[in-house]
Chemist: 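Provided herewith is a single structure, encoded as structure tokens, for subsequent inquiry.
Proteins come first, then strands; the chains are lettered A, B, ... in the order of their sequence lines, and each starts at number 1.
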Amino acid sequence: MKGLEFLQEIESVTGESISTCFQCYKCTVGCPVISMMDIYPHSIIRHIILGNRDRVLTSKTIWVCLQCITCSVRCPNNIDIARVFEALRKIAVKEGKEAEKDTWQFDEIFMESVNRHGRLYEGGTIIRYKIKRRDFLSDFRMGLGLFLRGRIGVLPHAIKGRRVLKGLLRKRED
Amino acid sequence: MHILTARNLAIAEDAGYPLFVPCSACYNRSIITNTIMRQDRKKREEINEVIKPLRATGMVQVKNIIEVLLDYVGIERISKDRSYNLSSIRVVPYYGCVLTRMMNIEPFDDKEAPTSMDALLWASGVEPVPWAYKMECCGASKTLTHKEITLQLSNRIMDMALSVGADAIVTPCPLCQMNLDLLPYLGREKENLPVLFLTEIYELALSGTMKGTRGHIIPVDRVIDKTRKNERV
Ligand code: SF4
Ligand code: SF4
């Protein structure tokens with residue numbers, strides 16, 4: 001067993017009492033995407049307690065998670081597992097250990113769009129994401145279908161007070 | 001983290017109205033922020049410092065579409081005002097994953113087995129069918145980054161709806177509506193059921209038709225065809 005540093009680190013950034021986990025598996029049993037995870041949610045929690053830092057930070061699981069909060073709501077010890085995963089993502093990205101880049105890239109482009117227009121500009125966000133991934137054709141039919149049905153617009157709609165919002169988001173980053 | 005939601009809350013508070021949040025995920029986030037603003041003085045000051053000169057105290061009411069219909073229109077009026085008979089339409093109520101799932105906050109309906117939309121649907125005249133996937137996740141924003149996840153999850157929901165003999169899926173969440181409606185593009189080759197946003201049911205009950213048929217990817221004709229004019233209102 002390694003030291004307790006990792007457990008304490010995660011407990012302090014999330015404010016969750018991870019060490020109360022008694023491995024009941026309830027989180028894993030209710031999770032809709034375990035078939036695509038390399039480590040089950042209850043095991044991630046256990047690995048945190050055991051201090052297996054890299055094992056957790058390089059796992060696919062934290063990225064596959066949909067943040068549907070099913071696990072958190074069901075945990076008998078009131079551990080917000082989804083929130084723990086979210087915190088793990090941030091640490092993984094900071095240390096360059098993330099198992100995949102797509103989700104984070106998308107999140108960043110999403111926030112950039114909010115920053116620029118004051119709200120999400122769907123069309124632009126999708127196109128920027130596609131450019132970053134150098135993948136133009138895979139969802140072309142879907143995009144066209146949505147556009148023809150008026151479900152995504154070509155032009156962004158900006159909100160009132162966009163500049164003020166930009167300032168707010170900059171403050172958030174500091 | 002709470003800045004965007006706090007800003008919206010502050011604007012609503014200033015205007016003196018409750019805040020209606022159509023998307024379930026946005027609703028969930030707004031409720032969380034609102035609760036923090038009300039209960040955690042230290043965080044409230046921190047957040048208000050960032051959104052200055054706006055200011056949120058956490059006292060604004062945050063409502064989703066189910067609550068708006070229940071609280072401001074009311075079951076009674078809904079069941080009285082309908083001019084079309086929808087009784088031959090069987091629907092499955094699909095609440096989506098995060099409408100009532102909240103940590104340490106009492107949601108407006110049961111966390112795992114909500115019934116509020118069922119009541120609204122009964123009142124509109126359609127027949128809500130009990131099923132196991134009321135709150136299964138549809139795949140959320142993974143549609144863009146991991147299409148296979150959304151396909152697998154939404155597929156399962158569609159299959160379950162078909163297996164209980166529903167004519168349509170009704171949801172109060174725009175993202176759930178979108179993901180399920182996208183199934184033909186995501187690669188599903190089997191039969192699909194129309195996916196309706198909750199308010200479209202009322203449109204049917206009031207006008208017998210739906211203005212937004214063109215916006216649907218999965219055709220909604222089978223639901224409109226089953227709508228009958230009320231003989232006796
Ligand atoms: S549900 Fe909670 S207590 Fe049970 S295994 Fe998961 S994290 Fe541990
Ligand atoms: S929040 Fe993530 S880990 Fe928890 S049940 Fe949902 S998908 Fe699974």
Chemist: Pick one of side chain, backbone, both or neither for A:Cys31, based on which atoms fall under 4.5 Å of a heavy atom in chain B.
Modeler: neither
Chemist: Side chain of B:Thr33, backbone of B:Thr5: donor and acceptor closer than 3.5 Å?
Modeler: no
Chemist: Filter on side-chain hydrogen bond (donor to acceptor under 3.5 Å, both in side chains), then keep only pairs touching residues 61-71 of chain A, sequence neighbours left out; what's left?
Modeler: A:Asp38-A:Thr61, A:Thr70-B:Arg101
Chemist: Do the side chain of B:Gln177 and the main chain of B:Phe197 share a donor and acceptor less than 3.5 angstrom apart?
Modeler: no
Chemist: Checking heavy atoms, do the side chain of B:Leu182, its backbone, both or neither come under 4.5 Å from chain A?
Modeler: side chain
Chemist: Does any heavy atom of chain A fall under 4.5 Å from the side chain of B:Met135, the backbone, both, or neither of them?
Modeler: neither
Chemist: Between A:Glu98 and A:Lys60, is there a salt bridge with N-O shorter than 4.0 Å?
Modeler: no
Chemist: Under 4.5 Å, heavy atom to heavy atom: which of residues 152-163 of chain B reach chain A? Give them by number, or say none.
Modeler: B:Gln152, B:Leu153, B:Arg156
Chemist: Regarding B:Lys42 and B:Glu46, does a basic nitrogen lie under 4.0 Å from an acidic carboxylate oxygen?
Modeler: yes
Chemist: For B:Glu13, is there an ion pair with B:Arg55 - N to carboxylate O distance below 4.0 angstrom?
Modeler: no
Chemist: Among B:Val91, B:Ile169, B:Ile201, B:Ile218, which one satisfies side chain to side chain contact (heavy atoms under 4.5 Å, CB included) with B:Leu196?
Modeler: B:Ile201
